[in-house]
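Here the structure comes first, spelled out in structure tokens, and everything after it is commentary.
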Protein chains: 2
Amino acid sequence: MTAPEGRLDWGPLGDSLGFLLRLAQLEAFEAYFAAMEGAAPLPGSLSILLMVRGNPGIRQGVLARALRIKRAHMTKIVQSLEQAGLLRGSVPADDRRAIELHLTPAGLAEAERAWSAVHAHETAPPATLTAEEAAQLRHLLRRYLSLQEHGHEP
Amino acid sequence: MTAPEGRLDWGPLGDSLGFLLRLAQLEAFEAYFAAMEGAAPLPGSLSILLMVRGNPGIRQGVLARALRIKRAHMTKIVQSLEQAGLLRGSVPADDRRAIELHLTPAGLAEAERAWSAVHAHETAPPATLTAEEAAQLRHLLRRYLSLQEHGHEP
DNA sequence: TATTGTTATACTCTATAACTATA
DNA sequence: TATAGTTATAGAGTATAACAATA
């Protein structure tokens, strides 16, 4: 009567894309923190630094929508990164409501340092997948998110 | 100088499995809530009801590990589901520390009702993927999570 | 009127540790 | 001594709405 560990019946959850994505994301974040051991910034901050590096002058609201962070929350994160001296915002002349974000030299150095620490972990295939499967998984996720065009490919 | 919306350079984030999973999960949950409009319970509660339905007598701690919910949090969720009359716990004779979970008749009815509401949404492929790609994405996620064996397959 | 960013509030989820009762 | 579950507390992330400045 009692379900044994390791041989669970996942039922319809095993076919639910949302559920699988939820578990996979938790797994990936656990692996990230285990591999980094404090050597890297929080995933959210790192993603902002990398996005501003790749898109200098990006507006706060555009960045918030891209990373699916609420504007109110983005304000706090940006402020903390500004206080840390990694980011600076400037008000464009053509729309004085907006804020355009740039990395400071320190922010650029931190983005490079953090990414080089994370790079090996992020590009190695997880233990449960072959390199080919991992590449295909990333490809399908980009298709799902309509992010086909990305950084370093022709 | 300013990055335009819609044509962002995702840089290394576009190759980061963890980042892609994070965005994909947010996308999937948004789609879930948009499709359900309050007609379904929260994803966390629904996953617990479905897991107890498929694995009657599963212990709380086993369920917590499977769903990657901390034991302390699982206690609260189970208590709320018990107060709602959907779940009951029993103490097995062979280990009086443990709690085995079962659905009440009301809980079974709620699991059936909620799943039938969610089913169409969860099994239809998302707009950005073909049915084949969606199936392959689910397959790769199960492989990534080592959940190959699941509910309704030989 | 609508939009950008800010502030304030509350709520959920999470993380941690101390506690009990059993094993 | 280790484990299952509980309690308490604090923190991070998130959601919401009201607000000021600008368009």
Side-chain angles (χ1 to χ4, degrees), chain A residues 2-5 18-19 22-23 25-30 32-34 37-38 41-48 52 57-83 87-101, chain B residues 2-5 18-19 22-23 25-30 32-34 37-38 41-48 52 57-83 87-101:
Chain A
T2 299
E5 177 125 27
F19 177 77
R22 167 78 177 147
L23 250 54
Q25 193 240 304
L26 292 174
E27 167 69 27
F29 271 49
E30 266 180 35
Y32 176 87
F33 287 116
E37 287 190 355
L42 295 174
S45 299
L46 179 56
S47 68
I48 289 176
V52 176
I58 189 174
R59 297 193 179 179
Q60 225 174 273
V62 173
L63 184 59
R65 275 192 295 279
L67 298 179
R68 291 170 188 269
I69 294 170
K70 286 281 180 297
R71 281 182 313 162
H73 190 204
M74 182 60 78
T75 294
K76 292 184 220 167
I77 302 177
V78 164
Q79 284 174 346
S80 79
L81 290 173
E82 280 181 335
Q83 281 172 7
L87 216 60
R88 66 185 163 79
S90 58
V91 174
D94 65 317
D95 186 346
R96 307 216 329 272
R97 297 171 302 179
I99 293 187
E100 294 178 348
L101 301 175
Chain B
T2 299
E5 176 121 45
F19 177 77
R22 167 78 177 147
L23 251 54
Q25 193 240 303
L26 292 174
E27 167 69 26
F29 271 48
E30 266 180 35
Y32 176 87
F33 288 117
E37 289 190 354
L42 295 174
S45 299
L46 178 57
S47 67
I48 289 175
V52 175
I58 190 174
R59 296 190 180 183
Q60 226 175 273
V62 174
L63 183 58
R65 275 192 296 278
L67 298 179
R68 292 169 187 268
I69 295 170
K70 286 280 181 298
R71 283 183 312 161
H73 191 204
M74 181 61 76
T75 294
K76 293 185 218 166
I77 303 178
V78 164
Q79 284 174 347
S80 79
L81 289 173
E82 280 180 335
Q83 282 173 6
L87 216 60
R88 66 184 163 79
S90 58
V91 174
D94 65 317
D95 186 346
R96 308 218 327 272
R97 296 171 303 180
I99 294 187
E100 293 179 349
L101 300 175

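Lettering of chains follows the sequences in order, A, B, ..., and the numbering in each one begins at 1.
Considering only side-chain N and O atoms, A:T75 lies nowhere under 4.0 angstrom from the phosphate OP1 or OP2 of C:dG5. Regarding contacts with the backbone of D:dT14, every side-chain N or O of A:K70 stays at 4.0 angstrom or more from both OP1 and OP2. Contact annotation: A:R97 side-chain N/O to D:dA21 OP1/OP2 distance is not under 4.0 Å. Of the side-chain N and O atoms in B:Q79, none sit less than 4.0 angstrom from OP1 or OP2 of D:dG5.
Rounded to an integer number of Å, the gap from B:L42 CG to D:dA15 P is 12 Å. In this structure, A:R71 places its CZ atom 16 Å from P of D:dT14, rounding to the nearest Å. When rounded to the nearest whole Å, the span between CZ of B:R59 and C1' of D:dT6 equals 17 Å. Rounded to an integer number of Å, the gap from A:M74 CE to D:dA15 C1' is 15 Å. If you measure from atom CZ of B:F29 to atom P of C:dT12, you get 16 Å, rounded to the nearest angstrom. Across the protein-nucleic acid pair, A:D95 atom CG and C:dT4 atom C1' stand 7 Å apart, rounded to whole Å. Taking atom NZ of residue B:K76 and atom C1' of nucleotide D:dT7, one finds them 9 Å apart after rounding to whole Å. Following rounding to the nearest Å, B:I58 (CD1) and D:dA4 (P) show an atom-to-atom distance of 13 Å.
Of the two residues contacting DNA chain C, namely B:A93 and A:A72, the nearest-nucleotide position lying further toward the 5' end is that of A:A72. With DNA chain C read from its 5' end, the first of the two nearest nucleotides for A:Q60 and B:H73 is the one closest to A:Q60. Nearest-nucleotide positions on DNA chain D for A:P92 and A:I77 put A:I77 closer to the 5' end.
When all heavy atoms of A:S47 and A:G44 are compared, the closest pair comes out as OG-O, 2.7 Å. The nearest pair of heavy atoms linking B:V52 to B:I58 is CG2-CG2, 4.2 Å. Residues B:L46 and B:P41 share a closest heavy-atom pair of CB-CG, 3.9 Å. Across all non-hydrogen atoms, the minimal contact from A:I69 to A:M74 is CG2-N, 3.8 Å.
If you check every strand for non-hydrogen atoms under 4.0 Å, A:R96 touches sugar and phosphate atoms only.
Note on ring orientation: taking the six-membered ring where Trp is involved, the planes of B:Y32 and B:F29 are tilted (angle from 30° to 60°).
Of the candidates D:dT9, C:dC13, D:dT14, the closest approach to any side-chain atom of A:R22 belongs to C:dC13.
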